[in-house]
Amino acid sequence: MIIAKTITELQNAIEANGASQVGLVPTMGALHEGHISLVRRCVSENDICVVSVFVNPTQFNDKGDLERYPRTPEADAALLEQNGCNIVFMPSVEEMYPEPDTRVFELGGVAAVMEGAFRPGHFNGVAQIVSKLFYAVKPTRAYFGEKDFQQIAVIKEMNRQIGGIVEIVPCPIVREESGLAKSSRNTLLTEAQRVKAAKISRVLKESVNFVGVKSVKETIEWVEEQFKDDSEFRMDYYSIVDGDSLQDISDWGDSNYIVGCIAIYLGKIRLIDNIKYKK
């Protein structure tokens with residue numbers, strides 16, 4: 001396995017391999033089984049697998065969140081080598097941003113709601129770094145986890161705008177035994193918080209039973225109510241949306257593809273998850 005620190009090293013390594021099918025798994029490191037599920041799929045479907053490990057500053061609108069984000073480069077590299085990755089790209093901020101990236105992507109409605117409303121500029125930063133990776137790697141396919149459901153819609157739109165140069169491959173959420181969606185941020189939770197965080201997936205799963213029984217509005221209110229008695233939880237939003245447009249629905253008959261998306265703080269750690277109501 002090759003560890004490349006510069007775009008030139010990365011491109012030389014890809015070229016030397018002579019592969020026709022190149023897969024890319026973009027990550028911010030602190031890798032867990034969710035990431036590795038993407039790596040394994042990438043390895044199985046391409047001639048070579050490239051994994052980027054880069055904590056991208058332009059997608060953080062909270063400096064404290066950027067500073068707290070876990071970084072484990074040595075452990076990440078060892079894990080990737082064990083799982084068949086061919087090239088790891090671990091650039092510095094200066095390598096990816098030798099000068100400020102002033103590009104502004106008009107990403108439309110998929111970026112305006114939910115995370116877009118609560119984290120201004122976040123998705124523009126995502127579009128900046130993912131497009132840079134697409135240009136550098138020139139992958140056939142790129143793999144993203146459905147835990148970041150809205151991010152996939154945003155990346156699909158960004159990819160469309162730059163010519164649809166990459167096949168975007170969404171991959172299922174990987175969960176801990178408790179049901180908690182695997183996330184690098186989980187390492188920042190205390191053991192007690194980790195147990196408590198499993199409530200998020202339990203509540204979402206139970207709410208699926210309300211389709212056709214409670215209204216969409218009543219379902220949202222019920223989910224919100226489940227977290228009100230615990231002061232350690234603080235919800236940003238719970239939205240039930242069309243799975244393609246990400247716009248709110250008001251009735252279960254409004255769409256054949258319906259997803260519930262949640263963002264909630266547990267202490268200082270912000271967690272996201274989602275569940276499919278109809279697909």
Donor-acceptor under 3.5 Å (Q11 side chain, A136 main chain): yes

Sidechain-backbone polar pair: R141 side chain, E45 backbone, donor-acceptor under 3.5 Å: yes

Flag if over 12 foreign heavy atoms under 6.0 Å of CG, N209: yes

Check against side-chain contact (heavy atoms from CB on, under 4.5 Å), I36 and L79: CA-CA 8 Å; I36 297 307; L79 195 56; 3.7 Å; yes

Transitive ILVMFWY side-chain link Y69 to L189, under 4.5 Å: no

Closest approach of G84 to V43 (non-hydrogen atoms, all atoms of both residues): O-CG2, 3.6 Å

Cluster check L24, I152: I/L/V/M/F/W/Y, side chain < 4.5 angstrom: yes

Check: Q226 side chain, W222 main-chain N or O, donor-acceptor pair, under 3.5 Å: yes

N12 side chain to T8 side chain, donor-acceptor N/O pair below 3.5 angstrom: no

Parallel, tilted or perpendicular, as decided by the 30° and 60° cut-offs, for the rings of F227 and F233: perpendicular

Between T219 and Y277: side-chain donor-acceptor atoms closer than 3.5 Å: no

Donor-acceptor pair between R103 and S131 side chains, under 3.5 angstrom: yes

K156 charged N/C atom sitting above F144 aromatic ring, 6.0 Å / 45°: no

Same cluster (ILVMFWY, side-chain, under 4.5 Å), V166 and L107: yes

Pair D273 + R175, salt bridge at N-O below 4.0 Å: yes

side-chain contact (heavy atoms from CB on, under 4.5 Å) assessment of F60 paired with V55: CA-CA 9 Å; F60 286 83; V55 181; 3.9 Å; yes

Any donor-acceptor pair under 3.5 Å from N186 side chain to A181 backbone: yes

Side-chain H-bond candidate by donor/acceptor type, Q21 with T140, under 3.5 Å: no

Verify same cluster id: I87, F134 (apolar side-chain graph, 4.5 Å): yes

Which atom of S52 lies closest to which atom of P26, heavy atoms considered: OG-CA, 3.1 Å

Side-chain donor or acceptor of T72 paired with backbone N/O of A75 under 3.5 Å: no

Donor-acceptor pair, side chain of K276 and main chain of Y257, under 3.5 angstrom: no

Nearest-0.5 Å distance that lies between atom CG in D65 and atom CZ in R185: 4.0 Å

Residues E15 and K138 bridged, charged N to O under 4.0 Å: no

4.5 Å side-chain heavy-atom contact, L180 and K199: no

Any side-chain donor near an acceptor of the partner, Q59 and N124, under 3.5 Å: no

Aromatic ring proximity, centroids under 6.0 angstrom, F89 and F54: no

salt_bridge(K196, E191) N-O dist < 4.0 Å: no

Flag, side chain of H122 to backbone of R119, donor-acceptor distance under 3.5 Å: no

Charged N-O contact under 4.0 Å between E221 and K217: yes

Donor-acceptor contact below 3.5 Å, side chain Q128 vs main chain D101: yes

Interatomic distance, I168 atom CD1 to M158 atom CE [nearest 0.5 angstrom]: 6.5 Å

Value rounded to 0.5 Å, distance of CD1 in I264 from CD in E224: 9.5 Å

Side chains of Y238 and L204 in contact at under 4.5 Å (non-hydrogen atoms): yes

Short side-chain to backbone donor-acceptor contact, N86 and C49, under 3.5 Å: yes

Co-membership, hydrophobic cluster, residues V174 and I200, 4.5 Å side-chain: no

Closest heavy-atom pair and its distance - A197, L271: CB-CD1, 4.0 Å

E232 and Y265: side chain donor to acceptor below 3.5 Å: no

Ring-face cation of K132 near Y135 (centre distance under 6.0 Å, axis angle within 45°): no

Interatomic spacing from OG in S183 to CG in D148 - rounded to 0.5 Å: 7.5 Å

Heavy-atom closest contact (D47 atom, A19 atom, distance): CB-CB, 3.5 Å

Atom pair OG (S255) and CD1 (I240), whose distance is rounded to the nearest 0.5 Å: 12.0 Å

Nearest-0.5 Å distance, CD of residue E225 to CE of residue M235: 10.0 Å

D76 (side chain) donor-acceptor with L31 (main chain) under 3.5 angstrom: yes

